[in-house]
Amino acid sequence: MRRQGEPFSTIVTLITAALCTLLLAVFAGLLGYGETESIRDLFQEPEFRFALRLSLQTSVAATLLATVVAIPCGYFLARNHFPGKVVVDSLLELPIVLPPLVSGVALLIFFGPLLGPFLQEAGIAIVFTPLGVIVAQWFVALPLAIRSFRQAFAAVDPRMEKVARTLGCTPFQSFWRVVLPIARPGILGGMTMTWARTLGEFGATAMLAGVTRMKTETLPMAIYLSMTNGDLSFALAIATVLLLVALLVLTAFKVFMRTEVQL
Amino acid sequence: MRRQGEPFSTIVTLITAALCTLLLAVFAGLLGYGETESIRDLFQEPEFRFALRLSLQTSVAATLLATVVAIPCGYFLARNHFPGKVVVDSLLELPIVLPPLVSGVALLIFFGPLLGPFLQEAGIAIVFTPLGVIVAQWFVALPLAIRSFRQAFAAVDPRMEKVARTLGCTPFQSFWRVVLPIARPGILGGMTMTWARTLGEFGATAMLAGVTRMKTETLPMAIYLSMTNGDLSFALAIATVLLLVALLVLTAFKVFMRTEVQL
Amino acid sequence: ATNLPPQGTAEQVKPVLFAYVGSGIKDPMVELAQMYETKTGIKVEMTFNSSGALLSQLETSKKGDLLLPGSQPYVEKARKAGLVSEVTGPLAYHVPVIMTPKGNPAGITGIRDLTKPHVQLIVPDLESASIGKQALRIFEKAGIKEDVLKRVLTYVETGPKVLTTLQLGQGNAGIGEYSSAIKAKDKVDMVEIEPALNEIEALPGAMVTYSTQPAAAKDFLDFAASEGPKVFEKHGYKTKIEKP
Amino acid sequence: MKRELLLDVQGLSLTAGAFSLQSLSFQVHRDDYLVIVGPTGSGKTLLLEALAGLVAVEAGRIFYQQQDITAAPPETRRFGFAYQDSLLYPHLTVRENILFGAAVQGRAKAPEIRRRLTELAEVLAIGPILNRHPERLSGGERQRVSLARALLLQPPLLLLDEPLSALDPQTRAGLQQLLRHIHRDEGVAVIHVTHDFAEAMHLGTNMLLLNEGRLWQSGTPQELFARPNSEYAARFLRVENIIPGSIRWQDDQRWFGTERSTRLFGPLPEQGASEWQVGAPSFLAIRASYIRLTREAQTESGPESESGPGPRSVSASVPALAEGQAKECGWPATVTEITFQGSYVEVTCHAGDCWLVHVPIAHWRSLHLQQGETVWLACQVSDLHVVPRAGQETSMDDGLD
Amino acid sequence: MKRELLLDVQGLSLTAGAFSLQSLSFQVHRDDYLVIVGPTGSGKTLLLEALAGLVAVEAGRIFYQQQDITAAPPETRRFGFAYQDSLLYPHLTVRENILFGAAVQGRAKAPEIRRRLTELAEVLAIGPILNRHPERLSGGERQRVSLARALLLQPPLLLLDEPLSALDPQTRAGLQQLLRHIHRDEGVAVIHVTHDFAEAMHLGTNMLLLNEGRLWQSGTPQELFARPNSEYAARFLRVENIIPGSIRWQDDQRWFGTERSTRLFGPLPEQGASEWQVGAPSFLAIRASYIRLTREAQTESGPESESGPGPRSVSASVPALAEGQAKECGWPATVTEITFQGSYVEVTCHAGDCWLVHVPIAHWRSLHLQQGETVWLACQVSDLHVVPRAGQETSMDDGLD
Ligand SMILES: Nc1ncnc2c1ncn2[C@@H]1O[C@H](COP(=O)(O)OP(=O)(O)OP(=O)(O)O)[C@@H](O)[C@H]1O
Ligand SMILES: Nc1ncnc2c1ncn2[C@@H]1O[C@H](COP(=O)(O)OP(=O)(O)OP(=O)(O)O)[C@@H](O)[C@H]1O
Ligand code: MOO
Ligand SMILES: [Mg+2]
Ligand SMILES: [Mg+2]
């Protein structure tokens with residue numbers, strides 16, 4: 001259908017290409033400012049290696065937790081209509097609006113004065129712990145996951161479930177064995193976005209978990225601390241690593257999971 | 001199909017309800033800590049009023065600009081398959097990964113040393129200007145818009161376009177008169193998310209546009225400054241306003257635009 | 001100070017100065033700038049951020065006229081990098097203090113009390129944040145570094161966040177800045193650090209080397225040096241320090 | 001052998017949006033093949049879904065083997081179910097699709113399941129595609145896999161929603177044969193929604209006609225086609241000749257008098273006679289293939305064409321009971337149009353009213369008929385079927401003609 | 001009046017994924033109604049899309065009124081186009097949908113467009129729904145709106161992809177009548193893809209049979225149904241009797257000798273005789289409705305049933321040219337199955353081979369036939385149609401029988 005030289009399709013292609021070029025230029029500028037030779041040294045530093053590992057661990061954990069919650073929520077929103085849904089919908093989008101710093105404050109209030117005593121009794125420490133990193137990332141990235149999954153579930157023909165029911169599935173089984181696998185590409189795509197968000201999260205995390213080195217320091221915090229110290233090029237070197245890790249992981253994940261994307 | 005008391009649908013409903021409750025509790029904690037009586041006073045302050053107006057103006061402008069770019073990009077990604085698409089895909093997701101602060105630095109590098117001279121000749125000032133606020137918000141929120149729109153376009157039957165072509169539409173007309181209106185609910189949904197992101201943006205904006213009172217100070221920056229100056233409850237009062245404004249605008253927009261959501 | 005006429009002559013374009021200002025000293029600087037504008041008609045635009053972010057902004061944008069970060073070391077750093085020339089000040093001093101929740105539940109009376117086992121300490125990062133660096137030197141000077149670091153509940157990325165964190169009910173002691181403790185005196189209690197052990201930083205101002213209006217910038221710096229201490233003092237800053 | 005009652009639906013009602021199924025009652029025996037027809041949006045799919053337990057019933061009861069299953073969840077009913085568009089699971093291979101129901105029970109590897117799979121694969125001729133993924137299958141292949149999936153656990157009742165409508169005639173014919181085999185040889189009762197009357201005829205032992213959520217008529221397909229109970233049913237079932245007129249009384253018997261040509265047909269068979277008041281406006285409904293077209297009258301009574309304007313002019317033959325044969329009535333008509341239709345010739349004749357007659361090709365050859373010629377039409381008196389004229393009551397829906 | 005050549009397709013080829021259309025050539029005149037049939041996945045939709053310019057052609061040319069439009073974008077072709085599922089625009093009202101093409105040109109308010117809309121609304125009976133949104137329309141309404149949209153700007157050529165297949169028979173019949181009206185009275189040439197052979201017969205003046213992207217056969221629908229050119233075409237077009245055998249030579253004429261019963265049919269008409277080498281394995285293909293079933297032989301030559309094992313035993317009647325009538329050949333057979341099919345009775349007869357005969361209801365009445373009885377089958381010699389037997393070459397696709 002697409003003819004060579006059709007102006008509309010040419011323009012659309014050009015805009016996409018231009019945007020990609022812009023992004024590449026912006027990122028390249030970042031690389032250019034960072035001390036690229038220092039990247040090798042970075043990996044020698046135990047503190048950096050800790051931050052990298054913690055970032056990967058917490059972001060994966062937060063993404064998985066967000067997925068676990070967003071899957072039922074997204075499914076619920078995709079399949080149910082009820083009065084006031086528009087308000088619930090906006091409510092679930094609100095964490096996107098809050099500057100992460102404020103989200104962090106809200107979480108600190110919630111897990112500190114409000115819930116702290118109960119949690120302490122239960123032996124769960126969230127404030128100023130790596131667990132707090134996960135919670136903060138989870139909170140900030142959750143709305144993205146919910147919206148993505150919801151779109152993915154809405155695209156699954158409800159009759160697919162009905163057929164499963166006639167084949168002996170309980171509602172849960174039909175969800176687990178049919179809806180979820182069919183929505184897989186959309187779920188995986190949403191998960192990459194969620195993961196990206198958790199990986200870059202800083203404000204809420206710093207507030208809820210603190211920036212204790214070798215304990216709650218993630219890569220974005222390492223970048224921020226370097227910057228606070230006025231050490232821009234070191235900060236940018238870490239940012240470069242963050243970018244490359246993200247690019248690598250995202251691409252590898254997509255290729256490995258064969259999401260909707262073609263190689 | 002849903003029977004009362006079916007365990008799966010009950011659990012799904014409960015999880016969604018629990019999440020909504022959690023969010024409400026977290027936000028309520030925020031309100032509780034803010035001096036609610038001071039919210040009235042807030043509106044007397046010219047600085048706050050300026051920040052509110054600027055926030056609304058820039059976030060709307062940035063959302064519109066992001067929409068303008070994300071529509072062709074999303075359409076391109078929804079309709080074309082080509083080798084290397086997975087990399088382009090990840091590239092367009094990268095800005096989500098970067099902590100906003102780093103995005104801000106990257107933008108500052110790009111619009112400062114790199115592009116600054118050319119822009120200056122053209123009489124365009126981005127660095128430390130309100131225009132910079134828009135650019136920074138645009139950059140940070142763009143990936144969300146692209147992914148949303150792409151999902152929305154992918155759901156439009158390409159044969160709808162084909163029919164339009166046979167009715168005399170050029171490719172652009174068939175896009176404009178058919179694809180876009182049909183994808184409208186998804187586009188509007190994506191725009192709300194994009195707008196939410198721009199409204200809460202702080203790190204990148206502060207870096208590229210600076211935090212100049214009565215010039216580039218948006219609500220999140222006002223919150224940050226209050227917090228830095230030890231005025232937590234004032235900060236939370238502003239955050240409360242931000243939340244309420246967002247909730248109001250999001251809900252009103254959805255109701256007004258009749259997106260997929262039912263009242 | 002130059003004696004510019006109160007109202008600009010004819011349609012002469014007033015210069016607008018652009019200043020990088022540490023977000024921690026926002027209030028006194030806003031007042032100072034307003035005074036200056038009233039006096040000279042020259043507007044001083046200020047961008048606020050954490051001092052490190054300001055340096056990054058300055059370094060990459062290569063724009064602006066003035067740099068007034070949170071404390072001395074940043075100016076030093078900027079000077080070494082050739083970002084600033086002329087330095088004046090101090091306008092005030094950055095004085096570390098111990099902050100505790102209202103009522104001082106941990107019973108802190110001095111720096112050495114911070115080693116007590118029930119203490120939960122909030123400190124800015126010891127390597128990056130300026131107050132944090134000062135705190136580290138204080139602990140070292142008092143010879144209690146090891147013991148105090150065991151009491152740290154968490155590190156935060158900037159000085160002011162110590163106050164926020166305490167206000168949110170976390171920890172029972174923190175190292176903060178004198179003025180913020182004064183400003184928040186109905187929310188936290190302050191315990192001054194023994195002068196002998198304290199590490200105080202000056203709050204200087206500096207002129208950016210890229211400034212396109214060095215004369216005006218210099219003029220403001222002079223004004224700040226003369227009027228600054230009064231204004232800062234009004235906002236709770238220490239402008240004189242008792243030498244031990 | 002007594003027929004085993006499998007499904008007993010009593011006054012089933014439910015609402016979906018603005019639409020509702022209203023008090024449907026019918027029975028399905030183990031040896032039944034129940035075909036459901038009805039216009040678009042008449043609730044056929046909804047009815048199947050209700051039987052399978054996929055939509056909640058609001059009133060009425062469904063009994064399965066004497067047990068009330070009205071509120072039983074679908075997974076406990078174990079009826080086979082297949083939609084028109086087969087809805088294979090894209091993430092599973094054909095084999096996994098078929099074994100889905102067994103896998104849910106953890107029995108996918110059981111020997112009896114394996115045997116059943118092999119058997120089904122053979123009967124349905126899908127052995128070679130068992131390891132493929134569904135997306136690239138042809139329509140016929142997809143439908144066969146969908147059937148295999150529904151049949152794997154040997155459901156006693158199969159619910160099919162337009163399973164063959166997207167297929168070309170050849171593929172469709174193959175699958176019809178297969179369904180007949182499953183019904184007859186595997187002893188599966190079937191409820192099958194279709195738009196294809198030939199299919200309904202070919203497969204069905206019973207038939208329901210739904211319209212606007214109501215059961216309009218039920219019976220054998222032959223009954224419905226030959227004797228629709230209303231103008232709506234007659235039109236929907238494509239009875240070609242629906243001639244307006246009214247009931248007349250003559251010689252102590254009921255006759256049908258046409259409106260336009262004032263011709264009498266009859267005497268009417270006693271079917272439903274009680275409902276028919278003399279003078280009631282009604283239609284004579286008779287299929288084009290029930291009318292015999294000859295070049296000359298073949299019954300005893302000659303062609304007495306008196307299409308005069310007199311109000312009670314009797315033109316239909318009033319034959320004495322013919323020797324051993326059923327009574328016939330015949331009337332002359334003029335050929336106005338001849339259309340060759342593949343396996344028959346459609347002849348449009350005028351005799352005051354317009355009559356459509358289908359003449360099979362093999363018989364057509366000997367007629368050498370031309371437009372404008374006069375012919376003799378005849379039909380058996382027992383085929384005369386009268387339906388009430390309902391005024392504006394029954395809408396004609398999409399009928400454009 | 002010379003027939004105006006509208007569309008001239010020459011050697012059109014294109015590839016889509018693993019599938020390709022291979023060198024299709026055909027012509028469409030202004031007064032043609034071209035019906036396209038073919039199994040699922042044979043490329044029918046792709047062909048229509050290629051004609052409309054919606055997919056790129058790789059080789060070959062398309063001429064429209066002598067102009068080469070092979071590479072012209074679709075919006076310049078202005079052919080009407082409608083898909084099976086109507087694809088109305090959900091964001092527009094019915095009126096806006098119909099006016100879409102005019103609105104694109106900014107002519108939605110022009111008086112001639114308004115007139116045209118009123119006219120179409122009347123013809124298509126969609127006046128009352130003009131202001132509604134498409135989502136709640138019935139299938140028949142949707143299709144009519146889709147047609148109106150395609151017809152608004154008076155396209156000289158209408159491309160229809162299974163436009164009626166989702167509809168119930170009544171609605172379908174109404175729309176068929178409408179299409180016929182548009183074709184005949186509005187002078188629109190139509191290309192219409194369908195799975196419904198009755199529809200093809202009813203509407204088509206020409207017909208193409210596609211299979212696997214190739215043009216398998218073309219001609220009038222009657223030709224294709226009566227004389228399929230291959231075993232594949234015969235099976236696809238549901239010719240009921242496809243009897244294996246071979247060509248024999250006797251009395252200086254070609255005959256068809258059946259394989260199982262060693263019976264001779266003929267002499268064969270001269271059609272395609274040159275291809276037929278004596279001894280070539282082939283099929284006798286004859287539709288069930290082309291065979292006449294009577295209780296006794298009606299031709300001059302009596303029933304001479306000699307189904308002995310002799311290799312050249314001639315059992316078919318070898319009638320002298322009958323008086324003025326076409327030659328017939330007849331043969332005896334035993335009734336094995338009788339199925340009532342609504343408008344005809346399907347009688348399965350055995351005479352070595354298995355023969356299906358369709359007897360119209362009206363004629364059936366006088367036969368009083370029982371299973372096991374012996375009857376006389378007859379067909380016209382000119383209806384004897386032989387197709388080659390291609391060995392394994394032509395696949396039978398989904399055919400299960
Ligand atoms: N969940 C629902 N909500 C609202 N309306 C519904 C729902 N399900 C079905 N309907 C409506 O019920 C009516 C009957 O639908 P159904 O699908 O049973 O018709 P059908 O006889 O199967 O038609 P078709 O021949 O087109 O398949 C339709 O008007 C449909 O719009
Ligand atoms: N864009 C495409 N990419 C890959 N394969 C395609 C594409 N379009 C069509 N095909 C394939 O081409 C073949 C012919 O498709 P087409 O839709 O023309 O068949 P059809 O004759 O219309 O079938 P049906 O009767 O099912 O509508 C199919 O095998 C289809 O899978
Ligand atoms: O000025 Mo600071 O870096 O927030 O202490
Ligand atoms: Mg249906
Ligand atoms: Mg098709």
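Labels below follow one simple rule: chain letters A, B, ... track the order of the sequence lines, proteins then strands, and each chain is numbered from 1.
- The backbone N or O of A:N229 lies less than 3.5 Å from a partner atom in the side chain of C:K77, making a donor-acceptor pair.
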Going through the distances and angles, do A:V105 and C:L168 end up as a side chain to side chain contact (heavy atoms under 4.5 Å, CB included)? CA-CA 8 Å; A:V105 171; C:L168 292 172; 3.9 Å; yes
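- Rounding to the nearest 0.5 Å gives a distance of 7.0 Å between OG1 of A:T228 and CD of C:E157.
- Proximity to chain C is limited to the side chain of A:F202, based on heavy atoms less than 4.5 angstrom apart.
- Heavy-atom distances place no part of A:A235 under 4.5 Å from chain C, backbone and side chain included.
- With contacts defined as side-chain heavy-atom distances shorter than 4.5 Å, the pair C:V152/A:F128 does not qualify.
- Between A:G112 and C:Q170, the shortest heavy-atom distance links the atoms CA-NE2, 3.5 Å.
- Atom OH of C:Y155 is separated from atom NZ of A:K215 by 10.0 Å, given to the nearest 0.5 angstrom.
- The contact between C:I122 and chain A is made entirely by side chain atoms (from C-beta outward), counting heavy-atom distances below 4.5 Å.
- With a 4.5 Å cut-off on non-hydrogen atoms, A:M207 touches chain C through its backbone and its side chain both.
- Within a 6.0 Å radius of CD in A:Q120, other residues, nucleotides and ligands contribute 12 heavy atoms or fewer.
- No donor-acceptor pair under 3.5 Å is formed between the side chain of C:S128 and the backbone N or O of A:S226.
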A:R213 vs C:D125, test: side chain to side chain contact (heavy atoms under 4.5 Å, CB included). Steps then yes/no. CA-CA 8 Å; A:R213 290 174 194 256; C:D125 187 73; 2.4 Å; yes
Checking side chain to side chain contact (heavy atoms under 4.5 Å, CB included) for the pair A:L232/C:T60: CA distance, chi angles, key distance, verdict? CA-CA 9 Å; A:L232 180 61; C:T60 44; 3.6 Å; yes
